[in-house]
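Report on the following structure.
Model, not experiment: these values are computed from the prediction. Within every chain, numbering begins at 1; the chains are lettered A, B, ... in the order of the sequence lines, protein sequences first and strands thereafter.
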Protein chains: 2
Amino acid sequence: MEQYQNPLFTIDNVLFTVAQAELKVLLVKRAIEPFIDQWSLPGGFVDPLLDASVEACARRKLQEKTGVAPSYLEQLKVFSGHQRDPRGFAVTLAFYALMGEQAAQSHIDTVHDAQWLPVHQLQDYPLAFDHQTIIAEAVARLKQKALYSLVPVYCLPAQFTVTELMTVIEAIIERPIQRKSLMRRIEASDMFIAVDEKVSTGKRPAQLYQLKPDADIYLFERNLAE
Amino acid sequence: MEQYQNPLFTIDNVLFTVAQAELKVLLVKRAIEPFIDQWSLPGGFVDPLLDASVEACARRKLQEKTGVAPSYLEQLKVFSGHQRDPRGFAVTLAFYALMGEQAAQSHIDTVHDAQWLPVHQLQDYPLAFDHQTIIAEAVARLKQKALYSLVPVYCLPAQFTVTELMTVIEAIIERPIQRKSLMRRIEASDMFIAVDEKVSTGKRPAQLYQLKPDADIYLFERNLAE
DNA sequence: GGAATAGTGTCTCTTAGACAATATGGA
DNA sequence: TCCATATTGTCTAAGAGACACTATTCC
């Protein structure tokens, strides 16, 4: 009674970034069975000797693939069932994470088993396990969160312009937003400080912002509306 | 490399109801070590032979304690670490659930190892494991959700009045709300249908409502504000 | 000066809060 | 009729959308 056959318990990461105004997710080619050579989410087994918690495990797995820590990491949910893994009843805790594309680029370029893929082209790839479903739920959660918080900022480098943040948000929620609304939110959130100037492509230079060191994620009381 | 020592994986349920205008959580007395005879959340090990998923396991555990299925059940999050269980690294998936007090009363009255305790008196009880923390996070999540949805309705029996729903919401968010605001939301959500009349305590009878059979939980674009 | 990008002013619209006014049934 | 509880009317307030207007840089 005390101990059943313990189910397989794993961690999976849905690591997002935005590049070329597109939402992308990091996928890795599986090196072992099952689903060998198919694209899958970076993850694996918890190692109680290495990991202080499931979050620590998720960070470790991401570090191995990208060389850096993600800017944002949060539990998505647990997926379980008899059908999702041919080896039997399996349980995976999925995380979703955000980071700037630049930070990981050099590391990812050196390997050929990891790649950023646009989330809207994933239906063309057969993904391992139920990873297609997991990604879909992660996208939905991120989309929702982008409506009442500024989490999308974690898809950008440490310093960024309002236009860059606007592009990221629009890529995530898949519709245009008003620059004015965004600027109101940046101000109201009190999460950022303005730094020096910057000439982006030419024209008028844009103000650079960065996260305040102690900034908490501010939750707005209203969603961005249609 | 394929298989580490698999961590202990368990399920815990934070089952809420509202009675006497107070938010209460179902706790059970532990029958075995560790933490024997202390109050704890109803839960236990997944049994892959009985449970089709972690949700099914959560329902089964709740059924055993209350005799009925909860009206609402959702994953809260995973808690993990080396400190939370004296037996070593442990992982638990916590759910939170809602139900009307009546539905479980007869079943709970027949046992003496399960009891509804007001969440605001829990600091007086030493709870097992990190269950104090888990409950605190569940309360925070429920509170947040009550601001932009009508989930608190699942703390009520199938038929209920606006005043009853108002009482439940106020117990959860710990401040009064405007009846007018609630009525607007009931209408806008399109989740309920009015049934026949009812004389509550005397005075003017209140309209009874019940969930539409196919009702999805409606998410409002604004929170109830201060 | 013209073009392009950055940022502001301000009006409208929606929905929550406040609270007065009305409705209904019992004593 | 009076009282208590239920329900509606309606005004105000806050913040998002729309969009015109101003600002800054490069050519």
Side-chain angles (χ1 to χ4, degrees), chain A residues 21 143-150 152 156 159-170 172-209 218-226, chain B residues 21 143-150 152 156 159-170 172-209 218-226:
Chain A
K143 228 161 156 172
Q144 186 60 23
K145 211 138 189 161
L147 296 180
Y148 63 83
S149 80
L150 293 176
L156 291 171
Q159 300 197 342
F160 60 91
T161 67
V162 173
T163 301
E164 287 168 342
L165 180 51
M166 200 163 97
T167 302
V168 167
I169 294 173
E170 291 178 338
I172 291 170
I173 68 176
E174 296 178 278
R175 63 180 175 79
I177 62 169
Q178 296 279 328
R179 168 187 292 265
K180 179 75 188 191
S181 298
L182 177 54
M183 299 212 64
R184 279 191 288 236
R185 284 186 160 210
I186 289 174
E187 167 122 26
S189 72
D190 198 34
M191 289 171 66
F192 310 103
I193 45 175
V195 289
D196 25 359
E197 295 281 304
K198 174 197 175 187
V199 185
S200 356
T201 50
K203 321 308 162 188
R204 174 174 173 176
Q207 179 63 59
L208 278 177
Y209 292 88
Y218 184 87
L219 304 182
F220 301 94
E221 296 209 329
R222 302 192 192 175
N223 284 0
L224 294 178
E226 194 54 37
Chain B
K143 229 161 155 170
Q144 186 59 25
K145 212 140 190 160
L147 296 179
Y148 63 82
S149 80
L150 293 176
L156 291 171
Q159 301 199 340
F160 60 91
T161 66
V162 173
T163 300
E164 287 167 341
L165 180 51
M166 197 162 101
T167 302
V168 167
I169 294 173
E170 291 179 338
I172 292 171
I173 69 176
E174 297 179 277
R175 63 179 176 79
I177 62 170
Q178 296 279 328
R179 167 187 292 264
K180 179 74 190 193
S181 300
L182 178 54
M183 298 212 66
R184 279 192 287 236
R185 286 187 157 208
I186 289 173
E187 168 123 25
S189 73
D190 197 34
M191 289 172 64
F192 310 102
I193 44 174
V195 290
D196 27 359
E197 296 282 305
K198 174 198 174 187
V199 185
S200 1
T201 51
K203 321 310 161 185
R204 175 173 171 175
Q207 179 64 59
L208 277 179
Y209 292 87
Y218 184 87
L219 304 182
F220 300 95
E221 296 209 329
R222 303 190 189 178
N223 284 358
L224 294 177
E226 193 54 39

Nearest to the side chain of B/Leu224, which nucleotide is it out of D/dA16, C/dA6, C/dG17?
-> C/dG17

Quick one: on DNA chain C, does A/Ala206 or B/Asn223 contact a more 5' nucleotide (nearest heavy atom)?
-> A/Ala206

Got a sec, which residues hit ring-ring contact (aromatic ring centres under 6.0 Å, His included) with A/Phe192, two or more places apart in sequence or on another chain?
-> A/Phe160

Nearest whole angstrom, please: distance from the P of D/dT10 to the CE of B/Met183.
-> 17 Å

Checking D/dT7, C/dA16, D/dA16 against the side chain of B/Arg179 (C-beta onward), the nearest is D/dT7

Indicate the atoms forming the closest heavy-atom contact of B/Ser149 with B/Leu219, along with that distance.
-> CB-CD2, 4.0 Å

Rounded to the nearest angstrom, tell me the gap between atom CD1 in B/Ile177 and atom P in C/dT15.
-> 17 Å

Enumerate the residue pairs fulfilling salt bridge (charged side-chain N to carboxylate O under 4.0 Å, His left out) with a member in residues 176-187 of chain B, sequence neighbours excluded, ordered by first and then second residue.
-> none

Contacts of A/Thr167 meeting side-chain contact (heavy atoms from CB on, under 4.5 Å) (sequence neighbours excluded), chain-then-number -> A/Ala21, A/Thr163

Nearest-Å distance, NZ (A/Lys198) to C1' (C/dT5)?
-> 13 Å

Integer-rounded Å distance: C/dT14 P and A/Phe220 CZ | 22 Å

List for me each residue that meets salt bridge (charged side-chain N to carboxylate O under 4.0 Å, His left out) alongside B/Lys203, sequence neighbours excluded, and say none if there are none.
-> none

Could you list all N or O pairs between the protein and nucleotides 20-27 of chain D that sit under 3.5 Å apart?
{"unit_1": "D/dA23", "atom_1": "N3", "unit_2": "A/Arg204", "atom_2": "NH1", "d": "2.8"}

Base, sugar-phosphate alone, or nothing: which one does B/Gln207 contact when heavy atoms must sit under 4.0 Å apart?
-> sugar-phosphate

Only counting residues at least two apart or in another chain, list the ones meeting side chain to side chain donor-acceptor pair (under 3.5 Å) with A/Glu164.
-> A/Lys198

OP1 or OP2 of D/dA6 under 4.0 Å from side-chain N/O of B/Thr163 | yes

Between the side-chain atoms of B/Arg222 and the base atoms of C/dT14, is any donor-acceptor pair under 3.5 Å?
-> yes

Here the distance between atom P of D/dA16 and atom CD1 of A/Ile169, to the nearest Å, is 12 Å

Between the protein and nucleotides 18-21 of chain C, which nitrogen or oxygen pairs come in under 3.5 angstrom?
{"unit_1": "C/dA18", "atom_1": "OP2", "unit_2": "B/Gln178", "atom_2": "NE2", "d": "2.9"}
{"unit_1": "C/dA18", "atom_1": "N7", "unit_2": "B/Gln178", "atom_2": "OE1", "d": "3.3"}

Nearest whole angstrom, please: distance from the P of D/dG15 to the CG of A/Leu182.
-> 16 Å

To the nearest Å, how far apart are A/Glu221 CD and C/dG17 C1'?
-> 12 Å

Taking only residues two or more places apart in sequence, or in another chain, which ones meet B/Glu174 in a side chain to side chain donor-acceptor pair (under 3.5 Å)?
-> B/His120, B/Lys143

Can you list the residues that meet the side-chain contact (heavy atoms from CB on, under 4.5 Å) rule with A/Leu147, with sequence neighbours excluded?
-> A/Gln144, A/Ile173, A/Arg175, A/Asn223, A/Leu224

In whole Å, what is the span from the CD atom of B/Glu187 to the P atom of D/dT7?
-> 13 Å

Determine whether B/Ile177 and B/Met166 make a side-chain contact, defined as any pair of heavy atoms from C-beta on separated by less than 4.5 Å.
-> yes

